[in-house]
Amino acid sequence: MPTTSTDPRAAAAALLVPGTTCHGFAVERCETVPELDSDAYVLRHTVSGARLLYLACDDENKAFAIGFKTPPADSTGVFHILEHSVLCGSAKFPVKEPFVDLIKSSMQTFLNAMTYPDKTIYPVATTNEQDLYNLMDVYLDAVFNPAIYTKPTIFEQEGWHYELDLPEGAGGEGDGNPASLREGTLRYNGVVFNEMKGALSDPMSVLDDAVNAALYPDTAYAHESGGDPRAIPALTYEQFLDTHARHYNPSNSYITLYGDLDVDRALAFLDERYLSQPSAASCRMDAAVAAGEDPSMLAPNPLVVQAPVTCEYKRIEMSTTPENALVGLGLVLGSALDRKRTIAADILFEALLGSNEAPVKKAILAAGLGGNVVSYTAAESLQPYELIMLQNAQPGVARELRRVFQDACRDLCEHGVPRERLEAIISSNEYDLRQRDYGIADGVAIACDALSTWLYDDDAATLALKYGPVYEELRGELDGSYFEDLLRELVLENDHMALVELVPVDAAEGSEGAGAAELAAKRDAMTDAELADVVERTAALRAAQEAEDTPEAKATLPRLRVSDIGEARPEPPLVVDTTAPIPCLRHGIPTNRLAYAMQYFDLSCVAFEDLPYVTLLCRLLKQLPTSEHSAEELDNLLAGKLGFLSFTTEVMTQPDVNGARPYLLVSAGALSEKIGALASLPREVWSSTLLADADADRVRDVLTQIRIGLEQGFINNGHSAALGRAMSYSSPSAVVREQLSGVDFYLFLRDLLDHFDERLDDLRAKLAELAGRIFVADGCMASFTGSDEDFDAYWDAAGNLGLGAGDGAGRDALVVPAPCDRHEAFVIPSDICFAASACDPRRLRLDVTGAWAVAANALSYDYLWNEIRVKGGAYGCGFRAAGERQTAFYTYRDPAIDPSIERVERAGAWLGRFEPDEAAFEGFIVSCVSGMDAPVKPYALTKRRNTTYLAGLDPHAREERRAQMLAATPGELRSLGTDVTRIAAESPTCVFGGRDVIAKSNAGFNVVDLMG
């Protein structure tokens, strides 16, 4: 609930008068930012030099962020390791994991840190003002006074260290037998090391890095800021500390405050507690100067402009599957401070490459060079660039891609970029800007956006936020040749570009074997004493990781009490309006003059074996012509008239544990002034798309793009794929999901593409037949979110949406096969793994109440975090108790399978011994409840409420679950330990991972080569 009673904009205006000083901050200027309904104040701390931006607005979801300019000088990932490490204890808060303690004890709506190619940002958000100060206190002490200076084990844990795996029977960690040590396997471990092994298993990330290195060879952008696993072990502890001291100081910092908060109190807090006080970093710097070091050598790393360079062609190799062949064409756009040029370029390339009907993408696909082409505007760097990426590339087509791309652009320069496309993209962007759905707390997203210009010019703190005039100006440019001139400059006359080809090679030729050989050579070169030291240091690290924080250390952390939690946020009642032509779930939610319309079409009329075709139908709608518009006309019309239109599938788990109800969901959003299009365009697409004679090449392109997207998901988000697959071993709903969008669908799709020509006619007929059967009034439920006026206008224009009653044939055609445990491990091109064990707790006759959410919090951020992430080196892990219908363990970017499985098996025993102190237990409750109470954007809230209704959930279940969380006791959680042990033992497991990682497991998986 809001904690301030005054208007934050009025309070700020009275306090922060430009030219005055407030708590050591000189107020430099004030600007209104109408795009954010806020006033922006730019300040500078006179003693320390820290910069500050305050955005005064009515948002109760307050935010704070501190960022530092951190351009890397190499690829050791030092800034990424620092991002992790500073959050592992500090002078004022000497606990091992204050970051985790805050996650499990605060009302945060966002809590994280991010390493960019040239900056590191530490943002937090919360709806409670005292909580904001608690979070600020811990984060500021972490960045300025971290425990890294006195605890080298933090560097070893989060960065890298050696471990020596001794042969079985060689003894324990203290075995000093030189013969045993010589037989051991030397390896690297560390959270960031393993995270980046996973990140750089993604060919797209590897290609992007290579393009950056070619475009900016003399700058920080030539390096992998996250860290290259081949380079990370070159980083020493002393270099690590030196880098922190040179960069984590107030004069190199950028602070953002956002929302409805007491800014007078906030500035006093910053000044008195931190900015006017010496820090660990400043003390180290002072000592270096006193020791005679050249002060110029103690400055932060420079961030310089790269003079134009042209890389005509560069080849890189990667151990991955042949389908992951890529070509990247990078084009530098200019300066980050030229916002008009950057935004115009983004609009331009979206118009040229943003859909299959975009003219340049169409030309590239027609040339048969690869399976898909995408583009991305990287605007958050000193010199923004555009990356055009050809996926599933044919061998040796890099130069041909550049030729086709340039020829298509040349033609558009001569004959004009279609104005209807440009205008549609501008309208679509403006819709997104009005919607302000960033996917994270607004203040956090805005703080990051501000740094996309502020980092490069102290006078540009608000430049990236004031986009309104830029869009007005660009609309005016539609009448001239501005966009053609820009296209010519960026593509045909650009002397700052790079062409890079990523070529897949066999695993035997890749880095894994070379890395193992290098480590074996290092082991052989070590003395017996050095090998013994590796074992001893590992034991010391384990001891530090297992040591409990003292009661005195725990007491330093700020805590909220359950009494600090306000009442549940009231929601307007969900109304089923039966006066509309189609039964409609009506949501009275404020939307900032936007409207959302949805239709849920029941798929029980579709046979199980035909469900994959429903997914293809969803993806092909919007991609094909209708009886009224060509595909290109439709593409422009949808972008210009609607904010979005999507056709997806959703499966609602039912009250009956064996029940599954899939739907085809049509979702659309529009500005209130475009309600007519919201009513007519989705209907046109689903009712008159020309499926029966769909163009073969167009269909093949879409299917190939789906395949590529799925494969990227397996590599980057394998935990989600593993969770879905593991659930399908026991849940009929998950069996249906697998058939619609999981591994089963992927295998169906691959087979269809392998036999595309011979199956094309049957595919067309099947899609047309399914569309006629699905898009009927029988079983359809509508949903509308918007004002009463918009609701009436929508149904006046929509009528019955053109839906016939349906003949009822096959209404109960869906028969779901019984689930069974397949115990699968899917091989993907990766150096790490993702694993999940999941089940429907109703199968085990377990009643998952709100207390389970508190237990999940404790397991995830206490036991599993310490065992699997801290000790095991995995990047992520957790236990979920999602409502009453799913429980699951998972790991993310994990270096090994069996150790994590063993730790999961012990989770219930840990919970059975759970003895938290009162403050810690209250923290678990506070964080659980605050997660339920966090503000939700209108569209997400609409979908959540619809799911509650269609899944047959009790509409009061959230309130009851919240009350159960508040009433939970330590004893109640301990009593769940036996049930958690059952879940771990009886939940089927699925793994996605690299071949070598899977081969080291003794769990007896059925190994499946998923991606060739």
Side-chain angles (χ1 to χ4, degrees), residues 203-204 207 211 312-318 320-331 349-376 386-412 421 491-492 497 499-505 616 619-620 622-625 630-632 635 690 693-712 746 749-761 763-764 767 1011-1012:
M204 294 177 67
L207 179 72
V211 169
E312 289 292 341
Y313 175 75
K314 179 179 180 180
R315 171 191 167 106
I316 59 172
E317 294 182 350
M318 181 181 179
T320 188
T321 57
E323 296 94 333
N324 282 322
L326 297 169
V327 177
L329 179 61
L331 306 168
F349 285 110
E350 176 67 17
L352 302 185
L353 292 152
S355 75
N356 285 3
E357 293 309 311
V360 176
K361 182 171 184 176
K362 185 185 291 187
I364 294 171
L365 293 176
L369 305 180
N372 191 27
V373 61
V374 295
S375 70
Y376 167 70
E386 190 75 23
L387 177 59
I388 296 94
M389 188 180 297
L390 179 69
Q391 298 174 308
N392 197 190
Q394 296 296 314
V397 298
R399 293 179 176 84
E400 182 65 7
L401 169 70
R402 180 173 56 195
R403 184 194 67 77
V404 172
F405 174 72
Q406 291 180 337
D407 285 351
C409 291
R410 184 176 292 106
D411 182 71
L412 290 167
R421 281 202 72 78
V491 175
L492 304 180
M497 56 80 66
L499 181 67
V500 180
E501 182 175 16
L502 184 148
V503 179
V505 295
L616 298 185
R619 292 296 297 268
L620 285 164
K622 299 197 307 175
Q623 304 283 349
L624 301 173
S630 69
E632 183 177 349
D635 196 43
L690 303 177
D693 56 355
D695 178 76
D697 290 339
R698 195 185 300 270
V699 173
R700 193 198 309 265
D701 288 342
V702 173
L703 268 56
T704 301
Q705 291 159 8
I706 299 171
R707 176 184 62 75
I708 292 170
L710 286 167
E711 291 169 349
Q712 289 299 312
Y746 172 74
L749 179 63
R750 285 198 69 116
D751 182 70
L752 178 59
L753 282 166
D754 288 343
H755 303 90
F756 181 78
D757 292 334
E758 62 199 80
R759 293 176 60 179
L760 177 60
D761 289 341
L763 174 62
R764 289 167 170 155
L767 293 173
M1011 295 171 59

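- The distance from atom CG of Leu763 to atom CG of Leu620, rounded to the nearest 0.5 Å, is 7.0 Å.
- Rounding to the nearest 0.5 Å places CG of Asn356 at 8.5 Å from CG of Asp635.
- The two residues Val397 and Ala393 have their closest heavy-atom pair at CG2-CB, 4.2 Å.
- Put simply, the side chain of Leu624 does not reach to within 4.5 Å of the side chain of Asp695, judged on heavy atoms.
- Annotation: side chain of Leu752 is in contact with side chain of Leu616 (closest heavy-atom distance under 4.5 Å).
- Closest approach of Val404 to Ala367, counting heavy atoms only: CG2-CB, 4.2 Å.
- In this structure, Leu760 and Ala696 approach most closely via the heavy-atom pair CD2-CB, 3.4 Å.
- For the pair Leu352/Phe405, no side-chain contact is recorded, criterion being any heavy-atom separation below 4.5 Å from C-beta on.
- Rounding to the nearest 0.5 angstrom, the gap separating the CZ atom in Arg750 from the CE atom in Met1011 is 7.5 Å.
- Between the side chain of Glu501 and the backbone N or O of Tyr313 there is no donor-acceptor pair closer than 3.5 Å.
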Determine, stepwise, if the pair Asp697 / Lys362 fulfils salt bridge (Lys or Arg N to Asp or Glu O under 4.0 Å).
CA-CA 11 Å; Asp697 290 339; Lys362 185 185 291 187; over 6 Å; no
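- Salt-bridge check for Asp754 with Arg759: failed, with every basic side-chain N at 4.0 Å or more from each acidic carboxylate O.
- Considering every non-hydrogen atom in both Leu326 and Leu207, the closest pair reads CB-CD2, 3.8 Å.
- Looking at Asp693 and Arg764, their side chains never come closer than 4.5 Å, going by heavy atoms from C-beta outward.
- Scanning both residues, Leu365 and Gly370, for their nearest heavy atoms gives CD2-O, 4.4 Å.
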I'd like to know whether Leu499 forms a side chain to side chain contact (heavy atoms under 4.5 Å, CB included) with Glu312, so could you lay out the CA-CA distance, the side-chain angles of the two residues, the decisive distance to 0.1 Å, and finally the verdict.
CA-CA 6 Å; Leu499 181 67; Glu312 289 292 341; over 6 Å; no
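- Within the 4.5 Å cutoff, the side chain of Glu400 has no heavy atoms near those of the Gln394 side chain.
- Residues Arg421 and Ser355 meet the side-chain proximity criterion, which asks for heavy atoms closer than 4.5 Å.
- For the pairing with Thr704, the side chain to side chain contact (heavy atoms under 4.5 Å, CB included) check across Leu753, Leu749, Asn372 returns one residue only, Leu753.
- At least one side-chain heavy atom of Asn392 sits under 4.5 Å from a side-chain heavy atom of Arg707.
- Between Gln623 and Asp701, the side chains place no donor N or O within less than 3.5 Å of an acceptor N or O (distance only, hydrogens not considered).
- Taken to the nearest 0.5 Å, the CD atom of Glu711 stands 6.0 Å off from the OG1 atom of Thr321.
- Taken to the nearest 0.5 Å, the CZ atom of Arg399 stands 6.5 Å off from the CZ atom of Arg402.
- When each of Asp407, Val491, Val360 is tested with Leu412 by the rule side chain to side chain contact (heavy atoms under 4.5 Å, CB included), just one qualifies, namely Val360.
- Leu387 contributes atom CG, which lies 8.0 Å from atom CG of Leu329 (distance to the nearest 0.5 angstrom).
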